*Asks:* 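Have a look at the structure that comes next, please.
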Amino acid sequence: MNAQTDLLLAGCRIADMFHTANTQALWESSTREMQQAFGSPDDLKVLRENLIAQYGTEAAVLSERTETQSGFRVYTRVARWTGTDVPLQLVIAINELDKVAGFWIRPQAVAAYSPHLNYQTKANLCLPVDGEWYVYWGGRTVEDNYHAADQGQRFALDLLVLQNGGSHAGEPKVLANYHCWGRSVVAPAAGVIVHAVDGLKDQTIGASDPTNPAGNHVVIDFGSKEYGFLAHLQRNSIRVSAGDRVARGQEIGLCGNSGNSSEPHLHFHLQTSPVLGQGDGLPAQFLDYRANGVLIGRGEPTRGEMIRSENSPSSPRRRPRP
């Protein structure tokens, strides 16, 4: 069996502990931190009983997905339950010792209403990165893109770099071990810098900064009421200031882990307002890039694709932290 099959079986086994009321086995399979979150074996039993009372029992599995995130192996199942019309999402995080490090059951998010589903991007966008990157979140459904539930970030992208199937090599708590750390981030189109925030610390793995969700970031006015947000940049790496004019492909900063971020990556989205949390998200169609090796003249990158600008240098720029 390969690693993904192993994770699928492990996720199913842990899910079955919950669904068959074997909460003692689930407790014993959990990390000490997860046990503290549950409270006690009796608290876990009550938690299960309350969920059953609220949502009924699992009736049909709609989808299953496995992935690696921030050093954890993650199993996600979406299923219909007998007591609700809204599908529920079960997420289980498993650490390197095969212990349950995260366990969530919640209603599955639905995509936010958008009047812009047929919108055609006015700016001539190139990818905001050099070299080959992986689309961790991207697309128009909440299954492919959890941002789709948010009106302003309806069509957002989260990008990272994979090598040998992983986003990092070595100790997962070391930010410099992530392959996208310090990679160049560029302006995807010509425009004017509306807002530039720098100086916020890069978060350690497992921490976040919900007070400054975008972290170090840049907002670019591309014209035609299209504003691009490039977020979670590395501290002290931003090369531009408010009022600067930037050219398409000009470096604006380095990929980091500031703000509300689970691991180093680049967040990009397009919206109708220069203020985060205001306005509507807009589809961002990029020009002349490859997705899984196929040349795309104009398109929207989707979760699971390996993307690279057709004009990208063969060796992506990566700099040490200043």
Side-chain angles (χ1 to χ4, degrees), residues 116 119-131 133 147 150-159 180-203 209 211-261 264-289 301 309 311-313 316-322:
H116 307 290
Y119 183 83
Q120 295 295 304
T121 310
K122 305 297 189 299
N124 293 323
L125 299 178
C126 67
L127 295 181
V129 289
D130 288 335
W133 289 62
H147 301 98
D150 182 274
Q151 183 176 355
Q153 301 181 48
R154 178 67 172 79
F155 307 95
L157 292 172
D158 278 351
L159 306 177
C180 66
W181 174 260
R183 291 282 182 92
S184 179
V185 175
V186 305
V192 177
I193 303 298
V194 175
H195 198 46
V197 173
D198 202 351
L200 297 172
K201 71 176 183 179
D202 290 286
Q203 297 298 313
D209 184 3
T211 303
N212 301 288
N216 302 313
H217 68 281
V218 169
V219 182
I220 307 176
D221 180 359
F222 300 128
S224 303
K225 295 185 178 180
E226 295 180 343
Y227 298 91
F229 287 70
L230 298 105
H232 310 307
L233 302 179
Q234 197 178 97
R235 185 179 189 180
N236 298 330
S237 77
I238 293 181
R239 319 294 189 205
V240 294
S241 300
D244 289 351
R245 289 190 173 275
V246 292
R248 186 175 189 254
Q250 178 180 333
E251 184 177 83
I252 61 167
L254 305 179
C255 184
N257 196 48
S258 58
N260 204 23
S261 175
H265 72 285
L266 174 67
H267 170 99
F268 174 80
H269 78 270
L270 202 63
Q271 66 175 50
T272 59
S273 165
V275 180
L276 186 66
Q278 297 184 14
D280 293 338
L282 294 172
Q285 288 122 26
F286 296 89
L287 306 179
D288 302 325
Y289 68 96
S309 173
N311 300 313
S312 175
R317 288 170 282 179
R318 176 171 177 156
R319 299 180 180 178
R321 179 175 175 170

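Predicted, not measured: the structure shown is a model, and the values here were computed from it. As a basis for the values below, the full set of heavy atoms in this structure was taken, side chains included, without hydrogen atoms, waters or symmetry mates.
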*Asks:* Can you name the side-chain hydrogen bond (donor to acceptor under 3.5 Å, both in side chains) partners of Gln278, sequence neighbours left out?
*Replies:* none

*Asks:* If you look at every heavy atom in Ser258 and Leu200, which pair is closest and at what distance?
*Replies:* CB-O, 4.3 Å

*Asks:* Taking side chain as C-beta onward, heavy atoms only, is Cys255 less than 4.5 Å from Trp133?
*Replies:* yes

*Asks:* Once side-chain hydrogen bond (donor to acceptor under 3.5 Å, both in side chains) is applied, do any residues pair with Asp288, and if so which ones, sequence neighbours excluded?
*Replies:* none

*Asks:* Are Ile220 and Ile193 close enough that some pair of their side-chain heavy atoms sits under 4.5 Å apart?
*Replies:* yes

*Asks:* Decide yes or no for Thr272 and Leu282: does some side-chain heavy atom of the first lie under 4.5 Å from some side-chain heavy atom of the second?
*Replies:* yes

*Asks:* Would you call Ile252 and Arg239 a side-chain contact if the rule is heavy atoms closer than 4.5 Å?
*Replies:* no

*Asks:* For the residue pair Arg183 and Leu159, establish whether any side-chain heavy-atom pair is separated by less than 4.5 Å.
*Replies:* no

*Asks:* Considering all heavy atoms of both residues, which atom of Leu230 and which atom of Pro128 are nearest to each other, and what is their separation?
*Replies:* CD2-CB, 3.7 Å

*Asks:* Using only atom types and a distance under 3.5 Å, with no angle test, would you say the side chain of Gln271 pairs donor to acceptor with the backbone of Gly279?
*Replies:* no

*Asks:* How close do Phe222 and Leu125 get, counting heavy atoms only, and between which atoms?
*Replies:* CE1-CD2, 4.2 Å

*Asks:* Does any pair with a residue in residues 217-230 pass side-chain hydrogen bond (donor to acceptor under 3.5 Å, both in side chains), and if so which ones, sequence neighbours excluded?
*Replies:* Tyr119-Glu226

*Asks:* Which label fits His265 and His232: parallel for a plane angle under 30°, tilted from 30 to 60°, or perpendicular past 60°?
*Replies:* tilted

*Asks:* Tell me, do Asp198 and Val218 make a side-chain contact under 4.5 Å, heavy atoms counted?
*Replies:* no

*Asks:* With distance as the sole criterion, is a donor-acceptor pair present between the side chains of Ser261 and Gln203 under 3.5 Å?
*Replies:* no

*Asks:* Does the side chain of His267 come within less than 4.5 Å of Gln153's, by heavy atoms?
*Replies:* yes

*Asks:* Val192 vs Arg245, test: side chain to side chain contact (heavy atoms under 4.5 Å, CB included). Steps then yes/no.
*Replies:* CA-CA 4 Å; Val192 177; Arg245 289 190 173 275; 3.5 Å; yes

*Asks:* Quick one about Asp280 and Gln151 (side-chain donor to acceptor, distance below 3.5 Å, no hydrogens or angles considered), yes or no?
*Replies:* yes

